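Just so you know, ligand 1 is whichever comes first in the structure, and atom 1 is the first atom listed for that ligand. Along the sequence shown, residues are numbered consecutively beginning with 1. All values derive from a computational prediction rather than experimental measurement.
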Amino acid sequence: MHPFIQRVAHALALLCLVAAAPAHAHETLKLDAPKPNIAPTPPMGWNSWNKFACNVSEQLLRQQADAMAASGMKDAGYQYIVIDDCWQKSRDADGNIQADPERFPSGIKALADYIHSKGLKFGLYSDAGSLTCGGRPGSAGHEFQDARQYAKWGVDYLKYDWCNTGTRNAEAAYTIMAKALRESGRDIVLSICEWGNNQPERWAAPIGHLWRTTGDIYDAWEGQKDWSSGMTNILDMQVERSAAASPNAWNDPDMLEVGNGGMTTTEYESHFSLWAMLAAPLIAGNDLSKMDADTLRILTNKDVIAIDQDPLGKQGHRALKEGEIEVWVRPLQGGEFAAVLFNRGKAAADMKLSWDRLGLPADRKVDVKDLWSKKLTKNVSGSYASKVAPHGVVMVRITPVR
Ligand code: GLA
């Protein structure tokens with residue numbers, strides 16, 4: 001069932017349930033083992049969905065792993081290669097999940113071994129319902145069996161979706177999978193994907209390492225299709241959420257569209273900069289084997305990645321919105337800051353970041369590095385002014401002078 005229809009069905013089912021069942025009538029389970037400390041900074045990697053949807057195969061995955069290792073992506077910090085939906089085909093007589101034998105003839109273990117041999121990590125997708133969003137077998141009722149299988153295969157990351165979950169309670173359902181993963185004998189990142197439907201910021205942090213905050217992104221500057229949203233629409237849905245994020249517990253505004261062709265180079269620079277301000281998982285969603293120079297330059301901008309990966313782990317927030325002009329600010333470790341001057345308008349804008357947005361006194365001297373042009377301006381006080389291209393950003397790192 002399409003996620004949108006599934007969500008409507010879910011809402012209707014919930015309405016019936018409210019009348020029929022006592023509150024909190026759901027599975028409760030305690031997590032004994034602590035959450036493994038394997039995402040102290042937002043995970044970085046690649047996922048098949050945005051570009052390839054159900055068209056996944058072992059050749060594709062090997063090709064993407066090769067490209068991640070050879071292109072400079074791995075050197076820039078990307079490490080997970082994640083197969084999204086449609087790798088699964090069926091369960092055997094004992095309930096063991098089986099990969100599609102035509103698309104993965106060598107099996108998942110061989111693929112995981114190959115990806116590990118490149119010095120990368122391997123991720124898979126499943127779903128807390130009976131079926132995945134793509135109609136493949138989900139993990140409901142098979143959580144422990146599946147987690148043991150993932151561990152045997154060498155899985156390092158699980159994206160766990162929310163289609164076809166009927167009246168399940170999200171916190172309880174994700175707790176079961178978290179427990180299963182923690183008892184599997186292998187450290188596995190848990191990526192919660194219930195689209196922000198059940199206020200995950202209230203319960204997801206002890207359970208998973210990241211949680212989606214919205215429906216799906218699609219490759220456009222703005223817009224709304226069913227339940228998928230363009231980049232700036234997704235951005236607007238993040239504004240109130242920054243406080244919930246911390247190391248090993250990240251808001252996930254969905255994967256990157258950089259390089260997929262639906263936005264301009266300037267718009268992709270904005271997308272990447274803003275995701276870094278959000279401390280978002282940086283999960284590339286393009287074809288890594290066919291990147292043009294701009295795509296690679298954007299995805300491997302080490303200065304921007306360093307903002308995303310700042311060890312303080314505080315998500316940035318929107319400090320100013322005046323019409324089409326926005327200022328985003330993020331505190332960094334050691335008293336530094338990142339800031340983005342964002343121009344949503346169709347004409348270039350003269351913008352200014354004043355120190356009061358950072359909580360600094362006006363006479364405080366700082367060095368300002370522009371993270372796209374690489375220009376360094378030393379000993380600035382009061383404010384920093386710059387022209388910002390239409391649909392563009394100026395992104396800076398601000399270092400108080402000692
Ligand atoms: C949902 C998720 C997407 C993707 C698809 C796969 O829509 O939100 O990210 O995993 O399912 O079917």
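Residue contact check: Lys159 has heavy atoms under 4.0 Å from atoms 3 (C), 4 (C), 9 (O), 10 (O) of ligand 1. Annotation for ligand 1: atoms under 4.0 Å from non-hydrogen atoms of Cys133 are 1 (C), 11 (O), 12 (O). Atoms of ligand 1 lying under 4.0 Å from any heavy atom of Trp49, numbered from 1 in the order shown and given with element: 4 (C), 5 (C), 6 (C), 12 (O). Taking every heavy atom of Arg212 and a limit of under 4.0 angstrom, the matching atoms of ligand 1 come to 8 (O), 9 (O).
Looking at Cys193 against ligand 1, only its side chain comes within 4.0 Å, counting heavy atoms. At a heavy-atom cutoff of 4.0 Å, ligand 1 is contacted by the side chain of Asp161 but not by its backbone.
Between Trp227 and ligand 1 there is a heavy-atom distance shorter than 4.0 Å. In this structure, Trp195 has a heavy atom closer than 4.0 Å to ligand 1. Using a 4.0 Å heavy-atom cutoff, Asp216 is listed among the residues neighbouring ligand 1.
Proximity annotation for atom 10 (O) of ligand 1: of Thr214, Asp84, Val82, Asn47, Asp84 comes nearest, heavy atoms only.
Side-chain contact check for Ser48 and Asp84: no donor-acceptor pair (N or O, by modelled atom type) lies under 3.5 Å. Looking at Ser229 and Gln224, their side chains do bring a donor and an acceptor atom within 3.5 Å of each other. Between the side chains of Thr41 and Gln309, at least one donor N or O lies within less than 3.5 Å of an accepting N or O.
Because its NZ or CZ atom is not both nearer than 6.0 Å to the ring centre of Tyr157 and within 45° of the ring axis, Lys121 does not count as a cation-pi partner of that residue.
Residues Asn96 and His142 fail the side-chain proximity criterion, which asks for heavy atoms closer than 4.5 Å.
With salt bridges taken as basic N to acidic carboxylate O contacts below 4.0 Å, none links Arg344 and Glu267.
Nearest heavy atom pair, residue Phe342 against residue Val393, reads CD1-CG1, 3.6 Å.
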